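Structure, as structure tokens:
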Amino acid sequence: ANGGAGVGGQDGFHPRDRLFEGDYLMSTINNEMMRITADTADVKGMHDVHGRMCNRTLYENMGQPDKDGCHEIISGVVAGRGLLPEDIPDTIDLFMNYHHDCAHGWWVLEDGVSKPGDYIEFEAVMDKTLALADWEGYAARQAESAARGLLRGRGIATYLECIGGFPQEGARIEFAEDGGVDLVVATQSQGQGHETSFVQVIADRLDLPFDKVRLRQGDSATAPLGIATIASRSMTMAGSAIVLTCDAVIEKGRAAAAHLLEAATADIEFADGRFRVAGTDREIALLDLAAQVRTLAVEGVPDSLDSAEEFQAPDQYFPNGCHVCEIEIDPETGVTTIAHYAAVDDCGRVINPPIVHGQVHGGVAQGIGQAMLEEIVYDRATGQLLTGSFMDYTMPRATDVPSFDVDFHEVPSPANPLGAKGVGEAGITGALPALMNAIADVLAAQGRTVNFDMPATPEKIWRALHG
């Protein structure tokens, strides 16, 4: 891994290394890594099993796409069918990691101790992806492409990701005098939609009107204990802290409502945003209760419903999925077009489907950029950076990205109150190996191999076809 001029404790050596095998059963893995310090930008990467550099840039997922690319290549080599096994069921039987019993959950091995972790259903995810991709109809589409003088290929990739559940994250709920509710978190939205999904969690849990909840985030002067918006951890960690804080609000509210409604705390129920004496019509709305308790000065009765809680994760979380990519390559120019892309991801419980769909779309676009377009280039004679602006560094654009067929296979995690597993890195982790496998499939059909580093530019593909 090229660590640039800085020194990072985890560059090249990371908890994800224990997931090198992904969802394949590999009895022996020889995983050698080298970290290089250089006067260049930090370009982390790995070599695949053929020794080629899997180049990746500053902003992308920390190594897991490269590992998935490696084990997808290994699976093809062992199967003896190139990079795209033609008989998917045989490949499942040969490689699918069934010693991780889908019926009893993924078992995390740490220091020789087994413990239950996320539940994972590899085969169901793959079956749903193959149906979404119309796997059986591929031959007809390949023939139609050939009739137009184009080479069609397809790539499939499964992935098992681990996301940064550690170590803790806090949340605070404050009831303002204007009748609004402030949700305070330490994470900071960078476009993931926390303003919507976090507010949705509290609105659903407390049965509050959505427009009554305000998100305050990333203010070090008022934020609770927290780490960062990294490693796909925001919903699993901050979201879980929000759930625990909502539960604390309800418990405080039951005690306060019991006093105001002259009942025992054990008789107070909370539903539909209201505290009610069980079996009666005596009730009080949550927001009304929050306003009234400010005037109370009764021993044993809360004088505020404001609450704060922290969530500590027992381990990391394990989103997973399967992606299928079909491409067309013009043999005269080497230009590659993505004809169809299907993906099914198990990111645990999905809180807001449109937002999660968008994160998968964006992640796949990142994978397209890494596999086909993006490259940091230096002048070998002078060391001058040649791709220092977006005039020279090729980012994926709308014309490079196809329409996606995306679905979920929700298997809630038992290790947090939301059941979430994380989704921020799902798209790129599946996209890179799926796309490169599709390119390799085209080359293999022509008796060629992928003999170049990423990105797979038209020039490199043309040379591979005609060299």
Side-chain angles (χ1 to χ4, degrees), residues 10 13-24 26 29 31 44 46 54 56 59-72 75 95-97 100 102 105-110 117-122 124-126 129 156-166 192 229-237 239 313-324 343-350 356-357 359-367 370-371 406-413 415-416 418-436:
Q10 286 188 338
F13 304 92
H14 191 268
R16 283 189 175 97
D17 295 341
R18 65 181 177 175
L19 289 186
F20 184 91
E21 63 180 320
D23 49 6
Y24 294 93
M26 299 181 183
I29 299 174
N31 186 11
K44 302 180 182 71
M46 292 182 63
C54 300
R56 49 192 297 279
Y59 73 103
E60 297 183 15
N61 184 356
M62 198 170 181
Q64 194 60 37
D66 312 301
K67 295 181 177 72
D68 282 350
C70 290
H71 71 58
E72 289 296 329
S75 71
F95 297 112
M96 192 61 77
N97 208 344
H100 300 303
C102 295
W106 176 271
W107 289 84
V108 181
L109 299 178
E110 230 174 62
D118 282 341
Y119 290 90
I120 296 173
E121 297 176 356
F122 292 125
V125 169
M126 178 175 279
T129 309
I156 184 170
T158 59
Y159 74 89
L160 176 67
E161 173 67 293
C162 71
I163 66 98
F166 58 90
Q192 298 93 333
T229 302
I230 55 173
S232 304
R233 67 188 296 277
S234 294
M235 186 54 72
T236 59
M237 297 299 296
D315 202 297
Q316 294 179 301
Y317 296 94
F318 299 89
N320 58 96
C322 180
H323 291 207
V324 173
V344 174
D345 298 285
D346 168 19
C347 50
R349 182 186 173 200
V350 176
V356 177
H357 278 306
Q359 291 213 354
V360 173
H361 291 180
V364 173
Q366 279 189 290
Q370 179 178 347
V406 176
D407 200 358
F408 305 118
H409 184 77
E410 293 187 54
V411 182
S413 171
N416 66 69
L418 274 177
K421 295 178 181 175
V423 73
E425 297 159 275
I428 186 174
T429 306
L432 189 150
L435 183 51
M436 290 305 296

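None of the values given here were measured: they were computed from a predicted structure.
- Scanning both residues, Ser413 and Ala420, for their nearest heavy atoms gives CB-O, 3.6 Å.
- Under the side chain to side chain donor-acceptor pair (under 3.5 Å) criterion, Gln359 pairs with no residue at all, not counting sequence neighbours.
- Between Gly239 and Leu418, the shortest heavy-atom contact is C-CD1, 3.5 Å.
- For Thr236 against Gly422, the heavy-atom pair with the smallest separation is CG2-N, 3.6 Å.
- Taking both residues in full, the closest heavy atoms of Ala434 and Ala157 are given as N-CB, 3.5 Å, listed atom of the first, atom of the second, then distance.
- Put simply, the side chain of Tyr159 never gets that close to the backbone of Pro433: no donor and acceptor are under 3.5 Å apart.
- With sequence neighbours excluded, the residues that form a side chain to side chain donor-acceptor pair (under 3.5 Å) with Asn320 are Asp346.
- A pairwise comparison of heavy atoms in Ala371 and Leu435 identifies CB-CD2, 3.7 Å as the closest pair.
- Here the CE-CD distance, from Met235 to Gln192, works out to 10.0 Å after rounding to the nearest 0.5 Å.
- Under the side-chain contact (heavy atoms from CB on, under 4.5 Å) criterion, Ala343 pairs with His323, Tyr341, Asp345, not counting sequence neighbours.
- The CZ atom of Phe408 sits 4.0 Å away from the NE2 atom of His357 when rounded to the nearest 0.5 Å.
- In this structure His409 satisfies the ring-ring contact (aromatic ring centres under 6.0 Å, His included) test with no other residue, sequence neighbours excluded.
- In this structure, CE in Met126 is found 4.0 Å from CD1 in Ile156, a value given to the nearest 0.5 Å.
- The main-chain N or O of Val350 is found under 3.5 Å from a side-chain atom of Glu410 such that the two form a donor-acceptor pair.
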